[in-house]
Amino acid sequence: MNSPVPPSSEQGTFVTDAALKRLKKRHAAESRFKLYGQLAIGIAIVALVTLLASIFMQASSAFTRHVLTFDTTLEASYVTPEGERDPEKIARNVSGFNLLLQDELSDQFLPEDPGLSLQRELYGLFTRLAVLPLARKTADTPSNIGTQQSFSVALADDIDLYLKGGITRRKAVNLGQAGAVSGSMDDGFNITLGKAEPLQSALDKFREDEATPTALIQIGSTWFRMTGLDGNTASLEYIAGTPQAPVSGADVSGLALEQAQDNRTVTDRQIAWTMLLEDEGRVKSVPNTTLFTNSDSTYPELAGTAAAIVGSLLTMLVCAMLAIPVGIFAAVYLEEFAVKNRVTDLIEVNINNLAAVPSIVFGLLGAAVFINFMGLPRSVPLVGGLVLGLLVLPTVIIASRAALKSVPPSIRTAALGVGASKTQAVFHHVLPLAAPGILTGSIIGMARALGETAPLLLIGMVAFVAEVPDSPTDESTVLPVLIYKWSTGAERAWEPQTAAAIIVLLVFLVLMNLIAIILRRRFERRW
Amino acid sequence: MLETFGHLPIAWLLFAVLAAAGFVSFFAGRTEAVAVGRGSSERLNSQPNYHGYFVAMATIGPAAIVLGLYALFGETLVRGELAGELPQRIRDLGSLELNQYIDRIAEQSAMRDAGPTGNALFDAATARYTSLLGISRIIAVFLALLAAWAGFFVAKRKLSVNFRARANVENGIKLLLFMCAAIAVFTTIGIVLSLFFEALRFFSRVPFFSFIFGLEWNAQTGADFGAIPLFFGTFMIAFLAMLVAAPIGLLSAIYLSEYASPRFRSIVKPILELLAGIPTVVYGFFALQFVAPLVRSTANWVNGLAFVPDGFLAAQPTSALAAGIVMGIMIIPFVSSLSDDVINAVPQTLRDGAYAMGATKSETVKQVVMPAALPGVIAALLLAVSRAIGETMIVVMAAGQRAQITPDPTADLTTITVQIVALLTGDTEFDSAKTLSAFALGFVLFIVTLIFNLIALRVVQKYREKYE
């Protein structure tokens with residue numbers, strides 16, 4: 001529809017200057033209004049893109065992780081201290097395997113008499129339970145004990161995050177060749193750098209952002225902390241690696257860090273050790289399969305979604321068994337059989353309202369009725385499925401009614417005409433024709449149930465579940481609740497982990513919706 | 001023997017009994033009908049199969065009722081019986097601890113291969129519980145079989161040449177369908193009753209008016225139950241959400257229905273609806289990780305401006321504004337698709353009339369379409385507000401826990417739903433004022449959203465009729 005424009009050639013009485021001005025104004029208002037609409041749509045789409053992009057960016061680092069590989073002899077003295085070869089005891093012997101790993105590291109990095117704090121710093125590269133897969137593997141093949149084996153162990157979450165570029169900003173710089181060297185291992189060294197300028201500018205840049213930057217210096221396989229930089233002369237203090245005084249002429253490289261070690265969760269030495277291991281090619285990045293194979297854990301690098309995925313599937317199973325048949329039958333009744341009277345009106349109004357009741361209210365219902373009144377156990381998929389089933393019931397009913405409504409009345413009339421009863425007409429003719437629509441609606445309802453969190457919190461599905469549940473009456477958790485729990489974790493490493501779990505959930509949702517769309521495309525009939 | 005029965009998984013038992021009874025009676029009924037019709041189904045009023053269905057229905061029905069009753073009340077009876085047999089000193093514990101004790105017994109009994117715990121009394125009680133459970137199951141199955149048998153014979157005697165088996169079966173099916181439709185009503189009744197009675201129990205401890213008008217909320221310590229700060233937080237965040245969702249949702253609906261080409265519409269509409277398909281916990285994470293820090297740094301920047309007094313904005317790590325913005329984004333598709341329906345329902349003749357008078361498109365929208373669609377748009381906004389009030393995960397993750405009244409959107413506020421989650425997560429006892437207060441809050445939430453929904457749905461419906 002085009003707005004009226006006065007013909008320019010013909011100056012009628014109505015076309016005055018004032019009128020033309022008004023018209024211009026009106027057209028400006030018109031395009032402004034149109035712009036507002038475009039802007040609104042633009043904002044909504046930008047919000048969606050930002051949401052997805054921020055989650056994918058967060059998650060990208062969680063799909064790989066860093067492991068340390070090491071070759072060692074599986075000494076029986078570590079693995080089976082009491083000489084037993086009971087697989088179950090070996091699998092539980094976490095402290096023995098820890099000792100094995102720790103001694104392996106100590107041999108490489110620590111001096112004779114390191115002291116407790118230094119040991120703790122080194123052993124902090126791993127969490128205690130990181131050796132658990134190792135223990136399980138050994139328990140499976142006890143014949144390996146006493147032989148040379150190659151293992152890989154997940155690095156602790158903070159180190160992993162550091163290696164992925166988190167924790168603190170940094171800049172690696174080449175400092176040329178060492179000049180004059182003075183000093184000793186105990187008192188520190190002063191060395192003249194080939195070129196100090198890049199380091200100085202990196203540190204200055206960090207200082208601009210009100211940080212307290214620091215620098216680590218690597219000469220060969222020895223790491224120093226820089227305690228001062230005066231012109232070209234740097235004061236160094238030995239921290240890790242081969243205890244060797246710098247020699248003039250050696251290549252010097254530096255690592256400027258935005259935060260000093262008091263302000264971050266990874267110490268200078270831990271960084272130096274990790275870099276040394278990386279130089280040896282023993283620390284490397286591998287695909288994070290833990291995310292799918294492990295259950296929940298208190299350590300982010302060991303936590304996975306396996307138990308929650310199974311819990312979600314079991315909950316969905318119960319939910320579908322309640323909501324889909326009941327929803328379809330209710331829709332058939334309301335659409336095909338109900339006579340219009342007060343009772344059916346009440347049911348109608350009620351279903352429409354129920355669809356708009358906040359989901360958390362269903363959680364309260366579950367807590368009061370299923371758990372308190374009926375005495376069903378907390379935290380189980382059975383109760384979760386029942387609550388979600390009631391929650392999506394109105395959705396399924398409304399979708400099924402729409403599908404039934406779209407079947408033309410001629411089908412019913414024809415069936416009745418050849419002598420079918422009302423029930424036969426509905427069950428033999430209308431329902432099969434409405435089935436694709438009903439199925440699509442049901443899948444969309446299930447997708448909604450899969451993403452639901454709040455009601456499940458109230459029936460105790462937040463419990464820490466370390467084992468994969470295998471029946472609807474086992475304690476379990478579900479994916480969205482796991483996401484909520486992980487998002488409350490204190491360590492930084494939970495953030496990418498949570499984002500990765502969100503992507504797992506989104507993949508499931510996309511799959512369900514794709515199935516619904518394909519079904520609709522494939523079977524939809526226009527009458 | 002009894003203990004073996006006590007260990008059997010009961011659900012399978014029920015199904016087995018019902019399925020077996022159904023099969024047997026169907027074939028018995030069918031055979032009977034064929035015999036009555038002397039081998040020819042033409043004589044019969046209904047097909048033999050319908051006679052079979054009828055008998056099966058009459059057999060399974062009563063048995064299912066008996067077993068259903070057992071499933072509901074069986075365990076309670078067993079527990080009552082066990083409680084009566086326990087030694088006096090345990091019975092004197094008080095109902096809460098006694099119940100917990102029996103819970104532990106039931107748990108132990110459910111673990112089939114669990115060995116004795118070493119506590120002689122507990123083990124004896126567990127064994128007794130298991131055998132009582134076995135006895136109750138035997139009785140239940142026996143009663144169910146009896147009911148099935150009675151139903152079977154009554155039904156079988158009814159079979160005759162003129163018996164309208166099909167009509168009877170179809171009535172039974174209709175009854176089943178009606179019951180399914182009624183489940184939705186029972187759910188509502190269940191919600192209302194459970195919330196109402198738990199809320200009543202709460203108000204017997206805390207006066208109603210000090211709950212509704214109290215200014216201090218301190219439920220975790222069980223001290224203060226004044227809900228005004230929660231109501232304030234809830235409406236504040238819903239208001240902020242509507243500030244985002246209402247203009248964006250409405251304007252995009254207008255653009256999509258009045259300006260956009262069909263192609264543009266067919267691409268953009270599903271994209272907007274994607275926003276509605278994202279789980280709320282994902283929005284919560286987005287609010288917590290992305291929007292809340294942004295709000296905080298913006299607030300800090302404002303605080304740093306020369307003309308702004310120090311500490312003008314609270315700039316908390318979680319804030320009402322962050323939750324509100326993200327909630328608004330979540331509600332956009334809700335507002336836009338509802339108002340889209342309403343705008344499309346306005347008859348084309350109204351628009352054509354306006355164009356004929358020389359109005360531009362935007363004038364038509366502003367002066368003709370919107371006034372005509374106004375009641376529907378308001379209803380859509382009301383539904384959106386009710387949705388914002390009841391939304392849980394975003395506020396749980398990004399709004400904070402502090403119950404306070406402040407107009408500063410960068411401060412952390414708490415809402416009704418946040419408190420319900422905080423009060424009912426973890427181990428809960430159903431007897432403390434703390435837990436019960438969650439139900440009182442839930443009751444308020446339910447009533448408020450119900451009123452909003454009722455008004456909105458009524459308006460939407462009336463509006464549809466008007467133009468149809």
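Reminder, nothing fancy here: chain letters follow the sequence lines and each chain counts from 1.
Between B:Ala184 and A:Ile351, the shortest heavy-atom distance links the atoms CB-CG1, 3.7 Å. Across all their heavy atoms, B:Asn453 and A:Val357 have their closest contact at ND2-N, 4.3 Å. A pairwise comparison of heavy atoms in B:Tyr255 and A:Gly37 identifies CB-CA, 3.8 Å as the closest pair.
One N or O on the side chain of A:Glu30 and one on the backbone of B:Ser362 form a donor-acceptor pair closer than 3.5 Å.
At a 4.5 Å heavy-atom cutoff, the contact between B:Tyr259 and chain A is made by side-chain atoms alone. Contacts of A:Phe329 with chain B are made by both backbone and side-chain atoms, with heavy-atom separations under 4.5 Å. For A:Ser31, no part sits under 4.5 Å from any heavy atom of chain B, backbone or side chain. The contact between A:Pro480 and chain B is made by backbone and side chain atoms together, counting heavy-atom distances below 4.5 Å. Neither the backbone nor the side chain of B:Leu250 comes within contact range of chain A; no heavy atoms are under 4.5 Å apart. Heavy atoms of A:Leu505 lying under 4.5 Å from chain B belong exclusively to its side chain. Looking at A:Leu509, the atoms closer than 4.5 Å to chain B (heavy atoms on both sides) all sit in the side chain, from C-beta outward. Neither the backbone nor the side chain of B:Leu193 has a heavy atom closer than 4.5 Å to any heavy atom of chain A. Contact of A:Ala447 with chain B is not made at all, since no heavy-atom distance falls under 4.5 Å. Contacts of B:Arg166 with chain A are made by side-chain atoms alone, with heavy-atom separations under 4.5 Å and no backbone atom involved.
Taking the charged nitrogens against the carboxylate oxygens, A:Arg26 and B:Glu363 do have a contact shorter than 4.0 Å, which makes a salt bridge.
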Check step by step if side-chain hydrogen bond (donor to acceptor under 3.5 Å, both in side chains) holds for B:Gln289 and A:Ser54.
CA-CA 9 Å; B:Gln289 290 293 330; A:Ser54 75; over 6 Å; no
